[in-house]
Amino acid sequence: MKFGGTSMAGTERIRRVANIVRAQAAAGENGTQVAVVVSAMAGETDRLVNFCREANALYDPAEYDVVVSSGEQVTSGLLALTLQSLGLEARSWLGWQLPVRTAENHSKARIDAIEAPNMIEALEAGQIAVIPGFQGISENGRITTMGRGGSDTSAVAVAAAVKADRCDIYTDVDGVYTTDPRIVARARKLKAVTYEEMLELASVGAKVLQTRSVGLAMKAGVRVQVLSSFVGDDAIAADDLPGTMIVSDEEMDELVENGLMERQLVTGIAHDKNEAKIILTRVPDKPGAVAEIFDPLAKASINVDMIIQNVGRDKGETDVTFTVPQSDLARAQALLEERRELIGFNRIITDSHIAKISVVGVGMKSHAGVAGTMFRALSDRGINVQAISTSEIKISVMIDEDETELAVRVLHTAYGLDAED
């Protein structure tokens, strides 16, 4: 079971979480073995990150991890204490106590392995394990963190390590919707979504699950359920709650064949306002020039998304446009400025007021015209497309940030995703 920041925001909500955990532990004839992964309280990680930036704008990532990992340590201890107050046996297991082994890439660590025999022994003895998400330990014994949303990855990794029947991700929504219901009131909750679709939705802005957690679930074959932690004071075991299951293609085919799901051309519309655009002007139009731009960004673990290279001009020059996460914009700009002479560009132009809108669905594999519908719908409302990227089951466009909500509503209607009255 994993609980996000909004579920852990304060002692009252932590007590509600404890009741949900107690109900799940009591489910079934002989009860259920339960491991719980928790996030920091809502807003706490942002507060800690700001402290780091105030202390040193060019902070050491290793010390940054020491600071920001403390939020989850607090909530794991508080939940263990609350469970004990309800008469349950519980203890916290910090990242270094399991341990959660990670590759040493501070602030963006990846899990190598979770060594959980001691925790499994405790679970079998009836103890509830409470684990702070987002954190692990590097080869040299330093605390590491896994990037924003890393608690989802921690939860899936723990589920894989203990061979759990299911990994339940409790959040502030009761499942995966066709789009953000705060933008489109007629968005529909989906009974099930394939790993591949959820991976694309998570990677292009859907805030329900972290991308790496979905990729790990697909690789390890962990069945994931997304549901709400706001179920009232009388907690219900997750087996009886209608959330959204993240499943394999084979399980989805069974659901469709049994009439429990309809096969849709498009599964969902996602948006992401956390992108920033970088334009390098007058880059030499020659072999190797683009590699000189993106190699240093890759070495700094800065993810580049959309890339556009204009047709070379008569003078053998071209403009290169690409997007990076807003949080990495300053670092990317500094890295490129350092290599200005080596790359040979003229100017760097940046724009953080952009958004990425994406249409996702496995039905795209076998149906033409999905892109045409998207561009026609946006054009009819006067929304300009600045860049495009595609995959087998996804089309993403870059637009002006101010038009985000309008674009999502227009596309949700254009693909027939609106719920019936």
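A 4.5 Å side-chain heavy-atom check between Leu378 and Val397 finds at least one atom pair inside the cut-off. Taking 4.5 Å as the limit, every side-chain heavy atom of Val224 sits out of range of all side-chain heavy atoms of Met245. Taking 4.5 Å as the limit, every side-chain heavy atom of Glu72 sits out of range of all side-chain heavy atoms of Thr145. When side chains are defined from C-beta on, Arg53 counts as touching Tyr59, because their heavy atoms get closer than 4.5 Å. Under the 4.5 Å side-chain criterion, counting only non-hydrogen atoms from C-beta, Asn105 is not in contact with Arg110. Taking the side chain as every heavy atom from C-beta outward, Ile388 and Phe375 approach each other to under 4.5 Å. At a threshold of 4.5 Å between non-hydrogen side-chain atoms, the residues Gln309 and Val290 count as touching. A heavy-atom distance below 4.5 Å is found between the side chains of Ile20 and Phe3.
Residues Ala157 and Ile111 share a closest heavy-atom pair of CB-CD1, 3.5 Å. Ala289 and Val283 get closest at one heavy-atom pair: CB-CG1, 4.1 Å. Minimum heavy-atom separation, Ser358 to Ser396: OG-OG, 2.6 Å. Nearest heavy-atom pair across Arg15 and Thr82 is CA-CG2, 3.8 Å. Of all non-hydrogen atoms in Leu335 and Ala300, the two that sit nearest each other are CD1-CB, 3.6 Å. Of all heavy-atom pairs spanning Ile114 and Val158, the tightest one is CD1-N, 3.7 Å.
Rounding to the nearest 0.5 angstrom, the gap separating the CZ atom in Arg22 from the CG atom in Leu86 is 5.0 Å. The CE atom of Met252 lies 11.5 Å from the NZ atom of Lys191; values are rounded to the nearest 0.5 Å. We find the CG-CD1 distance between Leu123 and Ile128 to be 9.0 Å, quoted to the nearest 0.5 Å. For the atom pair Arg188 CZ and Thr267 OG1, the distance stands at 9.5 Å (nearest 0.5 Å). Between Leu48 atom CG and Ser69 atom OG the span is 9.0 Å, to the nearest 0.5 Å. Separation of atoms SG (Cys52) and CG (Leu58) is listed at 13.0 Å; rounding is to 0.5 Å.
No hydrogens or angles considered: nothing links the side chains of Arg16 and Asn19 as a donor-acceptor pair under 3.5 Å. When only modelled atom types and interatomic distance are considered, Thr323 and Glu275 share a side-chain donor-acceptor pair under 3.5 Å. Side-chain N/O atoms of Asp418 and Tyr415 include no donor and acceptor closer than 3.5 Å. Inspection of the Thr144 and Gln135 side chains reveals no N or O donor paired with an N or O acceptor under 3.5 Å. Side-chain contact check for Gln326 and Lys273: no donor-acceptor pair (N or O, by modelled atom type) lies under 3.5 Å. No side-chain N or O of Ser70 forms a donor-acceptor pair with one of Gln73 less than 3.5 Å apart. Residues His353 and Asp400 have side chains that never bring a donor and an acceptor to within less than 3.5 angstrom of each other. If you check the side chains of Ser76 and Ser92, you find no donor sitting under 3.5 Å from an acceptor.
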task: Evaluate side chain to side chain contact (heavy atoms under 4.5 Å, CB included) for Gln84 paired with Glu89, printing each intermediate quantity in order.
output: CA-CA 6 Å; Gln84 290 169 6; Glu89 189 178 349; over 6 Å; no
- request: Take Met218 and Ser248, measure what side chain to side chain contact (heavy atoms under 4.5 Å, CB included) needs, and give me the verdict at the end.
  value: CA-CA 7 Å; Met218 182 164 62; Ser248 64; over 6 Å; no
query: Please walk me through it: do Glu403 and Arg381 pass salt bridge (Lys or Arg N to Asp or Glu O under 4.0 Å)?
result: CA-CA 10 Å; Glu403 298 176 317; Arg381 298 305 295 265; over 6 Å; no
- request: Check the pair Ile348, Ile279 against side chain to side chain contact (heavy atoms under 4.5 Å, CB included), reporting the backbone distance first and the verdict last.
  value: CA-CA 6 Å; Ile348 294 182; Ile279 303 173; over 6 Å; no
message: Could you walk me through whether Glu405 and Arg182 satisfy the salt bridge (Lys or Arg N to Asp or Glu O under 4.0 Å) test, starting with their C-alpha distance in whole Å, then the side-chain angles of each, then the deciding distance to 0.1 Å, before giving a yes or no?
response: CA-CA 10 Å; Glu405 285 76 13; Arg182 291 168 296 185; over 6 Å; no
task: Determine, stepwise, if the pair Leu227 / Ile169 fulfils side chain to side chain contact (heavy atoms under 4.5 Å, CB included).
output: CA-CA 6 Å; Leu227 28 70; Ile169 306 290; over 6 Å; no
message: Run Glu401 and Lys356 through salt bridge (Lys or Arg N to Asp or Glu O under 4.0 Å) and show every step you take.
response: CA-CA 8 Å; Glu401 183 182 43; Lys356 179 169 63 177; over 6 Å; no
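Arg409 places a side-chain N or O within 3.5 Å of a backbone atom of Ile183 that can act as its donor or acceptor partner. Remark: the backbone N or O of Val362 is paired with a side-chain donor or acceptor of Glu197 at under 3.5 angstrom. Checked by atom type and distance alone, the side chain of Tyr195 pairs as donor or acceptor with a backbone atom of Val222 at under 3.5 Å. A donor-acceptor pair is defined here as one N or O able to donate and one able to accept, closer than 3.5 Å; such a pair exists between the side chain of Arg212 and the backbone of Met146. Side chain of Glu54 to backbone of Phe51: no donor-acceptor contact under 3.5 angstrom is found. When atom types are taken as modelled, the side chain of Ser229 and the backbone of Tyr170 share no donor-acceptor pair closer than 3.5 angstrom. Between the side chain of Arg142 and the backbone N or O of Ile137 there is no donor-acceptor pair closer than 3.5 Å. Not a single donor-acceptor pair under 3.5 Å links the side chain of Asp65 to the backbone N or O of His106. No donor-acceptor pair closer than 3.5 Å links the side chain of Ser213 to the backbone N or O of Leu209.
Salt-bridge annotation for Lys2 and Asp152: present, with a side-chain N of the basic residue lying under 4.0 Å from a carboxylate O of the acidic one. Taking a cutoff of 4.0 Å between a charged side-chain nitrogen and a carboxylate oxygen, Glu196 and Lys394 do not qualify as a salt bridge. Ion pairing of Asp174 with Lys189 is present here, as a side-chain N (NZ or NE/NH1/NH2) and a carboxylate O approach within less than 4.0 Å. Lys108 and Asp328 are joined by a salt bridge, as a carboxylate oxygen and a charged side-chain nitrogen come within less than 4.0 angstrom of each other.
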Kindly list each side-chain donor-acceptor pair under 3.5 angstrom involving residues 30-44, sequence neighbours excluded, with atom names and distances?
residue, atom, partner, partner atom, Å
Thr32, OG1, Gln24, O, 3.3
Thr32, OG1, Ala27, O, 3.0
Ser39, OG, Ser151, OG, 3.3
Glu44, OE1, Arg47, NE, 3.1
Glu44, OE2, Arg47, NH2, 2.8

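The local environment of NZ in Lys365 is crowded, with over 12 non-hydrogen atoms from other residues, nucleotides or ligands closer than 6.0 Å. The 12-atom threshold is not exceeded at CG of Asp165, counting heavy atoms of other residues, nucleotides or ligands nearer than 6.0 Å. Residue Glu139 qualifies as open at atom CD: its count of foreign heavy atoms under 6.0 Å is 12 or below.
Screening Leu201, Asp180, Thr178, Ile357 for a side chain to side chain contact (heavy atoms under 4.5 Å, CB included) with Ile269, the sole residue that qualifies is Ile357.
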